[in-house]
There are 2 protein chains.
Amino acid sequence: MDIKPRQLEIMEAAGQLMTESGYAALTTKRLAERMGFSEPALYRHFKSKEEILTTMLTHLAQSMDERLTAVSEQVSDPAERVEAMFESHFSFFIENPHYLMAIFATGVLDQTPALERGIVALMEVKRRHLIATIKDGQAKGVFKAAFPAELLTLIAMGTFRLHMLRWRMSGRSFDLKKKGRILMKVVVELIRAK
Amino acid sequence: MDIKPRQLEIMEAAGQLMTESGYAALTTKRLAERMGFSEPALYRHFKSKEEILTTMLTHLAQSMDERLTAVSEQVSDPAERVEAMFESHFSFFIENPHYLMAIFATGVLDQTPALERGIVALMEVKRRHLIATIKDGQAKGVFKAAFPAELLTLIAMGTFRLHMLRWRMSGRSFDLKKKGRILMKVVVELIRAK
DNA sequence: ACAAAGCACGTTAGTGTTCACTAACTTAAA
DNA sequence: TTTAAGTTAGTGAACACTAACGTGCTTTGT
């Protein structure tokens, strides 16, 4: 499925609205307003509001997969690779803040199974890359092998997510990337084999 | 502010609806239906829908504060205390599943500042208790002193939150407490001074 | 070469549904 | 007789979405 420029604009505007003021703020009226055209014009580009969001999520999952694959190819040391992956995340979300909704929207979207599935799929992409790296690190003796890689992965992802959430709840009052780099470095040091 | 029995019933029903099917599922119509009376009867007990939710959040924050204070008094060893705190959390949410909404609803409620504030306050309660315990542990040489207690706290809380989220997204398909106990034990071992 | 047909992308006006909440009345107990 | 806790009926506002129409560009048949 290829995405047309206008569709991309709409997705960006939709993400902006959600990121700024939450899921409930994303109404067809406001979205059309921000796009500078009338409400029904939206339906020339997407068949429903739900389709806008599912398209965003699959698009995001794909680009994240590519990004993390690139990081894996470029950074060979597992510890450095874990840090690079999160660094890449921070950069991405700072450059594409309209996609932040995918991280914060959990639990909002439960009434629409398609959206829930999209979010789960996105988390699975990140998990897959991270767990592979941590297992690699354990095999190479870089990370502690005494604990299951699944649990270490969960710790790293959970830390990342809460960091993002706190950044948002604070009204973006601190440097996400700078603090995040320090934080994820602590996580890496904690799981590093001494 | 004391809470009447009928108010408690309504809060419980509201929490159930949200926990089962998300925030959007909580409508005055459905809530009245579940309570077995008509919609306007709700307004004899709460002046608005928002008040139901803010009351729930402050009520929860208070009971959580008491619970964590009790744990702190009963368990003196910092490492054991951290584990006991999360153990207490798991037990509480299994016994009071209607309060799960407070953990999952983040980002849903942004349009209503009062709710956002309630959620932030709740997280602060948990954070305050946890950080005090971790600092205590660092002072006693139980936890690694090389990293700021703030960051270790964030790692522990983030891990807990993601564990809860995964439990929910899996359709409660695993034993929250059993897996959670193992997971939080790993976190404690990671931050333990060797 | 060029009109006709089709299509992409807008418009205005309006659909039915659902929402949180209110007005006014009833009833039983204190 | 006041009050707490219900009722029926209905409010306006917001929601996602549709019908029908306009208009200019591109493709196509001859």
Side-chain angles (χ1 to χ4, degrees), chain A residues 1-57 101 105 107-116 118, chain B residues 1-57 101 105 107-116 118:
Chain A
M1 192 226 287
D2 61 340
I3 295 163
K4 292 173 193 168
R6 206 75 215 241
Q7 285 183 307
L8 213 72
E9 282 180 59
I10 294 173
M11 284 159 56
E12 196 163 322
Q16 271 173 24
L17 283 170
M18 287 184 71
T19 299
E20 286 164 13
S21 321
Y23 176 66
L26 176 62
T27 66
T28 51
K29 187 182 175 187
R30 263 189 280 257
L31 182 53
E33 212 165 72
R34 179 153 305 198
M35 286 300 296
F37 53 49
S38 67
E39 231 179 311
L42 289 172
Y43 293 86
R44 299 289 171 198
H45 305 284
F46 291 98
K47 72 175 216 285
S48 69
K49 179 179 157 183
E50 180 181 323
E51 201 196 50
I52 298 174
L53 294 168
T54 53
T55 304
M56 285 184 78
L57 288 174
M101 64 89 172
V108 188
L109 312 168
D110 345 59
Q111 73 264 27
T112 324
L115 295 182
E116 183 89 1
Chain B
M1 188 229 288
D2 61 340
I3 295 164
K4 294 172 193 166
R6 205 77 216 238
Q7 285 182 308
L8 213 72
E9 282 180 58
I10 293 172
M11 285 159 57
E12 195 164 322
Q16 271 174 23
L17 282 169
M18 288 183 71
T19 299
E20 286 165 14
S21 323
Y23 176 66
L26 177 61
T27 66
T28 51
K29 187 181 175 190
R30 262 188 282 255
L31 182 53
E33 211 165 73
R34 180 154 306 199
M35 287 299 297
F37 53 50
S38 69
E39 233 179 313
L42 289 172
Y43 293 86
R44 298 291 171 196
H45 305 283
F46 292 98
K47 72 176 216 285
S48 68
K49 178 180 157 182
E50 181 181 323
E51 202 195 50
I52 298 174
L53 294 169
T54 54
T55 304
M56 284 183 78
L57 288 174
M101 65 89 172
V108 189
L109 312 168
D110 344 60
Q111 73 263 25
T112 323
L115 295 184
E116 184 90 1

Measuring from atom [atom1] of [X] to atom [atom2] of [Y], what distance do you get when rounded to the nearest 0.5 angstrom?
X	Y	atom1	atom2	answer
A:E12	A:L8	CD	CG	6.5 Å
B:I52	B:M18	CD1	CE	11.0 Å
B:K49	B:I10	NZ	CD1	14.0 Å

Classify [X] by what it touches in the nucleic acid, base, sugar-phosphate, or nothing, heavy-atom distance under 4.0 Å.
X	answer
B:S38	base
A:T28	base
B:L26	sugar-phosphate

When the distance from [atom1] of [X] to [atom2] of [N] is rounded to whole Å, what number comes out?
X	N	atom1	atom2	value
A:M35	C:dG10	CE	P	8 Å
A:L31	C:dG10	CG	P	13 Å
A:R6	C:dG10	CZ	C1'	9 Å
B:E33	C:dC19	CD	P	10 Å
A:I10	C:dC9	CD1	P	10 Å
B:Y43	C:dC21	OH	P	4 Å
A:Q7	C:dC9	CD	C1'	13 Å

Sequence neighbours excluded, which residues qualify as side-chain contact (heavy atoms from CB on, under 4.5 Å) partners of B:T54?
-> B:E50, B:E51, B:A114, B:L115
Are the side chains of [Y] and [X] in contact, using a 4.5 Å heavy-atom criterion?
X	Y	result
A:M101	A:Y23	no
A:M11	A:T55	yes
B:L53	B:L26	yes

Starting at the 5' end of DNA chain D, which residue's closest nucleotide do you reach first, A:R30 or B:F37?
-> B:F37
Just how large is the angle between the end axes of the helix from C:dA1-D:dT30 to C:dA30-D:dT1, five pairs per end, to 10 degrees?
->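 Angle reported: 10°, given to the nearest ten degrees.
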Could you list where the contact with chain A starts and ends along DNA chain D, reading 5' to 3', using a 4.0 Å heavy-atom cut-off?
->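 Under 4.0 Å from chain A, the extent on DNA chain D is D:dC15 to D:dC21.
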Can you give me every donor-acceptor pair (side chain of residues 31-44 of chain A, partner residue at least two apart or in another chain, under 3.5 Å) with its distance?
from: A:R34; atom 1: NH1; to: A:Q16; atom 2: OE1; distance (Å): 3.1
from: A:R34; atom 1: NH1; to: A:E20; atom 2: OE1; distance (Å): 3.3
from: A:R34; atom 1: NH1; to: A:E20; atom 2: OE2; distance (Å): 2.9
from: A:R34; atom 1: NH2; to: A:E20; atom 2: OE1; distance (Å): 3.2
from: A:E39; atom 1: OE2; to: A:T28; atom 2: OG1; distance (Å): 2.7

Listed partners of B:R6 passing salt bridge (Lys or Arg N to Asp or Glu O under 4.0 Å), at least two apart |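 Partners of B:R6 under the salt bridge (Lys or Arg N to Asp or Glu O under 4.0 Å) test: B:E9.
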Scan nucleotides 24-30 of chain C nucleotide by nucleotide, 5' to 3', and note B when protein non-hydrogen atoms come under 4.0 Å of the base, S if they reach only the sugar-phosphate, - if neither.
-> BB-----
How close do A:M56 and A:G15 get, heavy atom to heavy atom, and via which atoms?
->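 Shortest heavy-atom contact: CE-CA, 3.8 Å.
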